[in-house]
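These notes concern the structure reproduced below.
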Amino acid sequence: MASSTALRELQRDLENKANDLSKLQKDIAKNHQVRKKYTIQLGENELVLKLIGPVLVKQDLAEARANVRKRIDYISAELKRLDATLQDLEDKQKSKQETVFKLQQKVQSFQAGKGKA
């Protein structure tokens with residue numbers, strides 16, 4: 001009886017860890033989407049900086065360049081923040097994967113030992 005309880009406990013723990021891992025993977029995917037958006041915006045703003053010239057909007061050229069540079073600085077800072085977050089999420093994912101793998105091995109060895117008995 002105790003062995004079946006232990007097996008159920010291991011399986012429940014495995015399921016919880018697998019759910020945690022799945023959530024981390026979703027967070028990583030979301031991070032990639034946001035990073036992609038910022039990378040595109042960065043490219044667009046860098047292109048705008050090169051193309052700034054006389055336009056229909058009344059704005060000083062220096063002011064326009066300063067605004068674009070501020071946007072580029074902001075986007076670059078966001079990309080660095082996202083990279084740090086991504087690294088942290090990937091480290092957590094690796095740890096969770098190892099935990100899930102060890103729990104799977106425990107469950108399998110437990111079931112194999114139970115089958116032999």
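All residue numbers refer to positions in the sequence shown, counting from 1.
Shown here are the side chain to side chain donor-acceptor pair (under 3.5 Å) partners of Asn31, two or more places apart in sequence or in another chain: there are none. Asp88 is linked by a side chain to side chain contact (heavy atoms under 4.5 Å, CB included) to Lys92, counting only residues two or more places apart in sequence or in another chain. For Val107, the side chain to side chain contact (heavy atoms under 4.5 Å, CB included) partners at least two apart in sequence or on another chain are Leu7, Leu10, Gln11, Leu14, Gln111. For the side chain to side chain donor-acceptor pair (under 3.5 Å) test, residues two or more places apart in sequence or in another chain that qualify with Asp91 are Gln87. Checked against side chain to side chain contact (heavy atoms under 4.5 Å, CB included), Asn19 has the following partners two or more places apart in sequence or in another chain: Glu15. Evaluation of the side chain to side chain donor-acceptor pair (under 3.5 Å) rule for Glu9 yields Arg12 as partners, not counting sequence neighbours.
With contacts defined as side-chain heavy-atom distances shorter than 4.5 Å, the pair Lys17/Gln104 does not qualify. Using a 4.5 Å heavy-atom threshold, the side chains of Lys94 and Glu90 count as separate. Taking 4.5 Å as the limit, some side-chain heavy atom of Ile72 sits within range of a side-chain heavy atom of Val68.
In this structure, Val100 is a member of the same hydrophobic cluster as Phe110, with clusters built from ILVMFWY side-chain heavy atoms closer than 4.5 Å. Leu42 and Val34 end up in the same hydrophobic cluster when Ile, Leu, Val, Met, Phe, Trp and Tyr side chains are linked at under 4.5 Å. The cluster map of Ile, Leu, Val, Met, Phe, Trp and Tyr, joined by side-chain heavy atoms under 4.5 Å apart, puts Tyr74 and Leu82 in the same cluster.
Atom NZ of Lys37 is separated from atom CD1 of Ile75 by 9.5 Å, given to the nearest 0.5 angstrom. Arg71 CZ to Glu44 CD: the interatomic distance, rounded to the nearest 0.5 Å, is 10.0 Å. Going from atom CG of Asn16 over to atom CG of Leu103 covers 10.0 Å, rounded to the nearest 0.5 Å.
Checking side-chain atoms of Ser22 against main-chain N and O of Ala18 turns up no donor-acceptor pair under 3.5 Å.
Closest approach of Arg65 and Leu49 over heavy atoms only: O-CD1, 4.0 Å. Of all the heavy atoms in Leu24 and Gln93, the pair that sits closest is CD1-N, 3.7 Å. In this structure, Leu79 and Tyr38 approach most closely via the heavy-atom pair CD2-CB, 3.6 Å.
Salt bridge status for Asp27 with Lys23: present, with a side-chain N to carboxylate O gap under 4.0 Å.
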